Enquirer: 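Quick one: the structure is below, and I'll ask about it shortly.
Numbers restart at 1 for each chain; the letters A, B, ... are given by sequence-line order, proteins then strands. Note that the structure is predicted; figures quoted are calculated from it, not measured.
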Number of protein chains: 2
Amino acid sequence: MSPYDPSAYPPFAVTVDLVVLTVRRHALCALVVRRGEPPFQGRWALPGGFVRGDEDLSAAAARELTEETGLCAQDPAATAPAPGNGAHLEQLATYGDPRRDPRMRVVSVAHLALAPDLPAPRAGGDAHSARWAPVEDLLSQDGGFGREDEQPAPLAFDHAQILADGVERARSKIEYSSLATAFCPAEFTVGELRRVYEAVWGVALDPRNFHRKVTGTPGFLVPAGGTTTRQGGRPAQLFRAGGATLLNPPMLRPEV
Amino acid sequence: MSPYDPSAYPPFAVTVDLVVLTVRRHALCALVVRRGEPPFQGRWALPGGFVRGDEDLSAAAARELTEETGLCAQDPAATAPAPGNGAHLEQLATYGDPRRDPRMRVVSVAHLALAPDLPAPRAGGDAHSARWAPVEDLLSQDGGFGREDEQPAPLAFDHAQILADGVERARSKIEYSSLATAFCPAEFTVGELRRVYEAVWGVALDPRNFHRKVTGTPGFLVPAGGTTTRQGGRPAQLFRAGGATLLNPPMLRPEV
DNA sequence: ACAAAAGTGTTATAACTACACCCATGA
DNA sequence: TCATGGGTGTAGTTATAACACTTTTGT
């Protein structure tokens, strides 16, 4: 590396942006906040903020996640899912185009969070308002708010690209890991887990084969003991996430 | 996000570090350069450097790659492999622990490059000397230079972690993509491609099943027309990388 | 002739797809 | 009694692992 004279390198701002995904009403949704100031004033954006001087990148992402949602980042080393409001959090990718922010050079380290369905987004910190929006709407040409009572604009900055990358990461990662359980509450049924896969992938899965597959994969699910009938029909067994993180063989999404 | 007052955020330096991998003499090797100044003076490190003020992250990584090796980053949108010295280049991950550099806050966006076997590393730019070292040696406890005529020290900074992450990315990515061909010259035999897989994964593969698998995957390999006998034995057909980037079904590495 | 590497055939097993069928509840 | 979702059985298909065998060169 070159010498470390502070004048020898250009000034950078480093931020973290969050792709927070959840499944609500059979749809994959992302958390977006409305910008209160220029540029892109009034437009929707991913939550995020500056990394502090003494803070690791993952710590900054966890802090922003808690500020925006009240969720706690789940320790990847923990053997069991965190009790209460735990969410999966991992680094996604870094975006540093010199013109991605019109005012200054900002490098953003995007993170991906997967959360169970929450009561309501909490507009904390410096976010003026927040909402869960279906990613399908956010990534369509007009930003999914094409009706007269909403903003017809796509996401601010390069956040549409970041969101698309985060969604693709989530879609591929639930194939070979047990991460889909991060979208579920602590106890859930096989049918609820299947509806998570169907919402994230946007496909319909065979309930019979899905049931055999997930219950037959060692370590994926462990019985929680009870049953529930909240979906109607025959009562279903309740499960918790097992200790396995990697699925072998994987859950492959249908090709066509 | 918070206001963009320049005094409101701490000063960051942003660098790119490169994990450049190749296969030499049946071993997966990484490019390392010897540091000429403190800290870690005399120790081996990954090549890298500062991102310039008007430069995208991928452009900075491509520039460093060319400076250190003479390789050109291959356009991912290109349909055919670049003629001549083309290498695969992709973003790996970003490392930003506040104490990863003892002197200042440096956030490093690591990139992964996969290159065919090159004549010799070229110590260009500010690198005083450069070499290809087996990753197995670099990642062992003593840095793989435990003999009296070499440095018994592991890699500088957190570069051992970055290298380990890059190697794991390469190992998993050749499973489901055609990236293993990036380690091969423009024309190569099935046996040469198999030795790439064996070196990267550190396992022995069945030559018969491997041959059937890769030649049967549509778009992976296209015949180049000739044969070669440079490996001894019966002449082998020469192939080029086909247009396919994703392998379906994947090449799975043996479990045990 | 022999070694070495390329390439083909065959068989057993594992995993997936598709779908018939039964089970247990609420309305 | 019927609709709804939960759960099991089974047959056909695809992919893989293991290994016998033939082919084509250099020495």
Side-chain angles (χ1 to χ4, degrees), chain A residues 25-26 174-176 184 187-199 201 203-240 244 246-256, chain B residues 25-26 174-176 184 187-199 201 203-240 244 246-256:
Chain A
R25 284 180 263 109
H26 290 212
I174 64 173
E175 283 194 317
Y176 57 89
C184 295
E187 299 195 348
F188 53 89
T189 68
V190 172
E192 287 163 353
L193 183 62
R194 174 171 49 83
R195 280 179 279 275
V196 163
Y197 274 92
E198 291 178 331
W201 285 344
V203 298
L205 300 175
D206 186 303
R208 290 86 51 110
N209 292 335
F210 183 88
H211 186 280
R212 215 192 331 264
K213 173 77 179 167
V214 295
T215 55
T217 300
F220 193 6
L221 302 182
V222 294
T227 61
T228 182
T229 178
R230 58 177 170 251
Q231 302 293 336
R234 170 176 165 179
Q237 270 190 277
L238 286 169
F239 292 90
R240 298 176 180 280
L246 256 51
L247 266 35
N248 198 304
M251 286 280 314
L252 294 175
R253 40 184 155 170
E255 310 231 348
V256 188
Chain B
R25 285 181 261 107
H26 289 211
I174 64 173
E175 284 195 316
Y176 57 87
C184 296
E187 298 195 349
F188 53 90
T189 68
V190 172
E192 288 163 353
L193 183 62
R194 175 171 49 81
R195 280 180 279 275
V196 164
Y197 274 93
E198 291 178 330
W201 285 344
V203 298
L205 300 174
D206 185 303
R208 290 87 49 111
N209 291 336
F210 183 88
H211 186 281
R212 213 192 331 264
K213 173 79 177 167
V214 296
T215 56
T217 300
F220 193 6
L221 302 182
V222 294
T227 61
T228 183
T229 180
R230 58 175 170 251
Q231 302 293 335
R234 168 176 168 180
Q237 269 190 276
L238 285 169
F239 292 90
R240 300 176 180 278
L246 257 51
L247 265 37
N248 197 304
M251 287 280 316
L252 295 174
R253 41 184 154 171
E255 309 231 347
V256 187

Enquirer: Output the rounded distance in Å from CZ (B:Arg230) to C1' (C:dA6).
Expert: 14 Å

Enquirer: Could you give the distance from NE2 (B:His211) to CG (B:Leu193), rounded to the nearest 0.5 Å?
Expert: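 Going from the NE2 atom of B:His211 to the CG atom of B:Leu193 covers 10.5 Å.
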
Enquirer: Of all heavy-atom pairs between B:His26 and B:Ala199, which one has the smallest distance, and what is that distance?
Expert: O-CB, 3.6 Å

Enquirer: Pick out the pairs of N or O atoms, protein on one side and nucleotides 25-27 of chain D on the other, that lie under 3.5 Å.
Expert:
none

Enquirer: Given atom CG of B:Leu238 and atom C1' of C:dA6, what is their separation to the nearest angstrom?
Expert: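 My rounded result for the distance is 13 Å.
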
Enquirer: Can you check the B:Phe210 CZ to C:dA5 P distance for me, whole Å?
Expert: 16 Å

Enquirer: Counting Watson-Crick and G-U wobble pairs whose two distances are both under 3.5 Å, find the runs of 3 or more in a row that involve DNA chain D.
Expert: C:1-27 with D:1-27

Enquirer: What is the distance, to the nearest angstrom, from the CD atom on A:Gln231 to the P atom on D:dG7?
Expert: 11 Å

Enquirer: For the pair made of CD in B:Glu198 and P in C:dA5, what is the distance, rounded to whole Å?
Expert: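 So the two atoms are 12 Å apart, to the nearest Å.
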
Enquirer: Got a sec, which residues hit side-chain contact (heavy atoms from CB on, under 4.5 Å) with A:Ala224, two or more places apart in sequence or on another chain?
Expert: A:Glu187, A:Leu238, A:Arg240

Enquirer: Can you tell me the distance, in whole Å, between the CG atom of B:Leu205 and the P atom of D:dA18?
Expert: 11 Å

Enquirer: Listed by chain and number, what are the ring pair (Phe, Tyr, Trp, His ring centres under 6.0 Å) partners of A:Phe210, not counting sequence neighbours?
Expert: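 Checked A:Phe210 against ring pair (Phe, Tyr, Trp, His ring centres under 6.0 Å); matches are A:Tyr197.
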
Enquirer: Taking salt bridge (Lys or Arg N to Asp or Glu O under 4.0 Å) as the cut-off, I'd like each qualifying pair that reaches into residues 216-237 of chain A, sequence neighbours left out, listed once.
Expert: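 Output for this query lists A:Glu192-A:Arg230.
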
Enquirer: Side-chain donor-acceptor pairs under 3.5 Å in residues 246-256 of chain A, sequence neighbours left out?
Expert:
{"unit_1": "A:Arg253", "atom_1": "NE", "unit_2": "A:Glu175", "atom_2": "OE2", "d": "3.3"}
{"unit_1": "A:Arg253", "atom_1": "NH2", "unit_2": "A:Glu168", "atom_2": "OE2", "d": "3.2"}
{"unit_1": "A:Glu255", "atom_1": "OE2", "unit_2": "B:Asn248", "atom_2": "ND2", "d": "3.4"}

Enquirer: Among the nucleotides C:dA6, D:dA18, D:dG6, which one has an atom lying closest to any side-chain atom of A:Arg194?
Expert: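 Of the candidates, D:dG6 comes closest.
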
Enquirer: Who passes salt bridge (charged side-chain N to carboxylate O under 4.0 Å, His left out) against A:Arg25, sequence neighbours left out?
Expert: none

Enquirer: With a 4.5 Å limit on heavy-atom distance, are the side chains of A:Ile174 and A:Val196 in contact?
Expert: no

Enquirer: Report all interatomic pairs (protein N or O, nucleotide N or O of nucleotides 11-13 of chain D) with separations under 3.5 Å.
Expert:
none

Enquirer: To the nearest Å, give me how far apart CZ (A:Arg195) and P (D:dG5) are.
Expert: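 Nearest whole value for this atom pair: 8 Å.
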
Enquirer: For B:Ala244 and B:Pro218, which heavy atoms make the closest approach, and how far apart are they?
Expert: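 Result for this residue pair: CB-O, 3.8 Å.
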
Enquirer: Between P on C:dC21 and CG on A:Asn209, what's the gap in Å once rounded to a whole number?
Expert: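 To the nearest whole Å, that distance equals 17 Å.
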
Enquirer: In terms of side-chain heavy atoms of B:His211, which of C:dG7, C:dC19, D:dC19 is nearest?
Expert: C:dG7

Enquirer: So, using salt bridge (charged side-chain N to carboxylate O under 4.0 Å, His left out) as the criterion, who are the partners of B:Arg195 when residues are at least two apart?
Expert: none

Enquirer: Report yes or no: does B:Glu198 contribute a side-chain atom to a donor-acceptor pair with the main-chain N or O of B:Leu205 at less than 3.5 Å?
Expert: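 Yes; judged by distance alone, with no hydrogens or angles, the pair exists.
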
Enquirer: Considering only side-chain heavy atoms of A:Arg208, which listed nucleotide, C:dG7, D:dG6, C:dA20, is closest?
Expert: C:dA20

Enquirer: Hey, can you pull the residues of residues 214-222 of chain A with a non-hydrogen atom under 4.0 angstrom from DNA chain D?
Expert: none

Enquirer: Tabulate protein N/O versus nucleotide N/O from nucleotides 11-15 of chain C, keeping only pairs under 3.5 Å, one per line.
Expert:
none

Enquirer: Sort and list the pairs that fulfil side-chain hydrogen bond (donor to acceptor under 3.5 Å, both in side chains) and have at least one residue in residues 212-227 of chain B, not counting sequence neighbours.
Expert: B:Asn209-B:Arg212

